[in-house]
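Report on one structure; see the data block that follows.
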Protein chains: 2
Amino acid sequence: MTGRVVARSPLVGGPTSVPATSGTATSVPAATVSRLPGYLHALDGLHANGTAVVTSQELARAAGVTSVQLRKDLSFLGSYGRRGVGYDVEHLRHQVADVLGVREPHSVVLVGLGNLGHALAHYGGFADRGFTLVGLVDADPALVGTEVAGLVVEPPERLAELVGRTGATIGVIATPAGVAQDVCDALVAAGVTGVLTFAPRALRVPAHVDVRAVDVASELQILAFHARRPRA
Amino acid sequence: MTGRVVARSPLVGGPTSVPATSGTATSVPAATVSRLPGYLHALDGLHANGTAVVTSQELARAAGVTSVQLRKDLSFLGSYGRRGVGYDVEHLRHQVADVLGVREPHSVVLVGLGNLGHALAHYGGFADRGFTLVGLVDADPALVGTEVAGLVVEPPERLAELVGRTGATIGVIATPAGVAQDVCDALVAAGVTGVLTFAPRALRVPAHVDVRAVDVASELQILAFHARRPRA
DNA sequence: TAGATTGTTAATCGATTAACAATC
DNA sequence: TAGATTGTTAATCGATTAACAATC
């Protein structure tokens, strides 16, 4: 009933490993997948500053993991390093991007243009990392028709048409929690296969759809747990 | 060297279980801790709508986990249910809040007032869930001295004084990635023990400090992985 | 008592770490 | 060849799930 809810707030759940890409007959564990974006980002940085080859130790440091963890993770993708030497930055970058499926940009629709939605709409980091924001939706008639971040805000009735027309595969929910499930249902009905929600609400989705949830208050509460002085 | 970096993007790492609260001599697994905020939020909802008693099945549904998972998690906190009946909402709510350490509000300082920082400063959900935003910092001279969300923006030089004066235990970083490590170092030097960062950069912290990282682009890339059609 | 539901103990499964063999 | 570093195989550890006993 509930689909692959890959993360509640920051935990990998759901199926733990997933059919791998291209040649490989293997599969990639969920925990590994969740670290690949960090590796890719670090590789992008190295590439930008002209580094051609990197050892697992250097890359691991940049990504904030141990070199053993990194090599183990990369081994699920294939054997792309040279023993005694390291990894070709450009080659590994392409392999990781390929496994993540971000060599072609994905189209993203954003629903909800409150403070957070506005911030997300203006966030420049999408394009760099394989995503194009192609549509904005909000229920407020005062916002519909206005232009935000170069896109015209559409009403909820146009959501299905918008997803269909743009071929968006991912929907981002930045609405109040009360309408998050309805928005999610509409996104799924329109055809998206991935949902990123910022609303503090568990979302039900069919099995073929993935949900990831980011909840700032939950993150702070987890920090609070560690910060607390255990009372004797 | 690297402190308890509890999550890179959405994964629980670091020490896997942590000394528990109050009476209990037991410890609470990291995976359980990461789900407690969801349980607490669900309990708050039930409380608000007047529900006095809830079964593990109902609560689990509201929180988006299985009832087995929920009961197992709650068992680490103690035995607070009544067999054949369920859990007293009010009582369990207090127990969970107590374990998380959010019965007393925590003071939070926010650094970086770009789009995201502004959105966070205006986010209303903090107070409800145990956090009080007590200070804002930005390096832009045009912002310093202005009022945002009822607080006067302070310059970076005042960070240490601000944390000291307010007793803030948690710092939120919403700055550009390039300065995130410096900001983090300053927060840690000023005495915060928890850091929530939105900058896509691995942060180094001493062992007594916890870091949690939220990276929207990484979340999207993980969704992209699942969305991709594996090419034969 | 019978039915419902919790909470513990045991079994399974996945993820991380350690050891080491392969090879550049 | 010797040194460096990758990548695999095995060992450990933690998290989830299943089975069931306890008890309201």
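In what follows, chains carry the letters A, B, and so on, assigned in the order in which the sequence lines appear, proteins first and then strands, with residues in each chain numbered from 1. None of the values given here were measured: they were computed from a predicted structure.
- Here the side chain of B:Val85 is nearest to one of D:dT16, D:dC24, C:dC24, namely D:dC24.
- Look at B:Ser79 and you'll find a side-chain N or O under 4.0 angstrom from OP1 or OP2 of C:dT8.
- Both key distances under 3.5 Å define a Watson-Crick or G-U pair, and stretches of 3 or more such consecutive pairs in DNA chain C run C:3-24 with D:3-24.
- Between A:Val216 and B:Phe198, some side-chain heavy-atom pair lies under the 4.5 Å cut-off.
- Donor-acceptor pairing under 3.5 Å, judged by distance alone, is present between the side chain of A:Arg83 and the base of D:dT6.
- Distances shown here put a side-chain N or O of B:Tyr87 below 4.0 Å from the OP1 or OP2 atom of C:dG7.
- The distance between atom CG of B:Asp88 and atom P of C:dT6, rounded to the nearest whole Å, is 13 Å.
- No side-chain heavy atom of B:Thr132 sits less than 4.5 Å from a side-chain heavy atom of B:Val108.
- In summary, the side chains of B:Asp73 and B:Tyr39 do present a donor paired with an acceptor at a separation below 3.5 Å, with no hydrogens or angles considered.
- Contact annotation: A:Ser56 side-chain N/O to D:dT6 OP1/OP2 distance is under 4.0 Å.
- Of the candidate nucleotides C:dT6, D:dT6, D:dT16, C:dT6 has the atom nearest to the side chain of B:Thr55.
- Classified by interplanar angle (parallel below 30°, tilted 30° to 60°, perpendicular above 60°), the ring pair B:Phe131/B:His106 is tilted.
- Rounded to whole angstrom, the span from the CD atom of B:Gln69 across to the C1' atom of D:dG14 amounts to 13 Å.
- Contact between B:Arg129 and A:Ser218 at its shortest, heavy atoms only, is NH2-OG, 3.1 Å.
- The closest side-chain heavy-atom distance from A:Ser107 to A:Thr169 is not below 4.5 Å.
- Computed from coordinates, the A:Asp73 CG to C:dT16 C1' distance equals 10 Å when rounded to whole Å.
- The separation between A:Leu59 atom CG and D:dT6 atom C1' is 13 Å, rounded to whole Å.
- For B:Ala31, whose side chain is taken as the heavy atoms from C-beta onward, the closest listed nucleotide among D:dA18, D:dT16, C:dT17 is D:dT16.
- For B:Ser75 and C:dT9, the shortest distance from a side-chain N or O to OP1 or OP2 is not below 4.0 Å.
- Across all strands, B:Arg82 comes closer than 4.0 Å only to sugar-phosphate atoms, never to a base (heavy-atom distances).
- For B:Arg35 and D:dT17, the CZ to P distance is 9 Å, given to the nearest whole Å.
- Put simply, CG on B:Leu74 is 15 Å from P on D:dT17, counting in whole angstrom units.
- Rounded to an integer number of Å, the gap from B:Arg71 CZ to C:dA4 P is 15 Å.
- A:Tyr39 places its OH atom 13 Å from the P atom of D:dT6, with the value rounded to the nearest Å.
- For the pair B:Leu133/B:Leu120, no side-chain contact is recorded, criterion being any heavy-atom separation below 4.5 Å from C-beta on.
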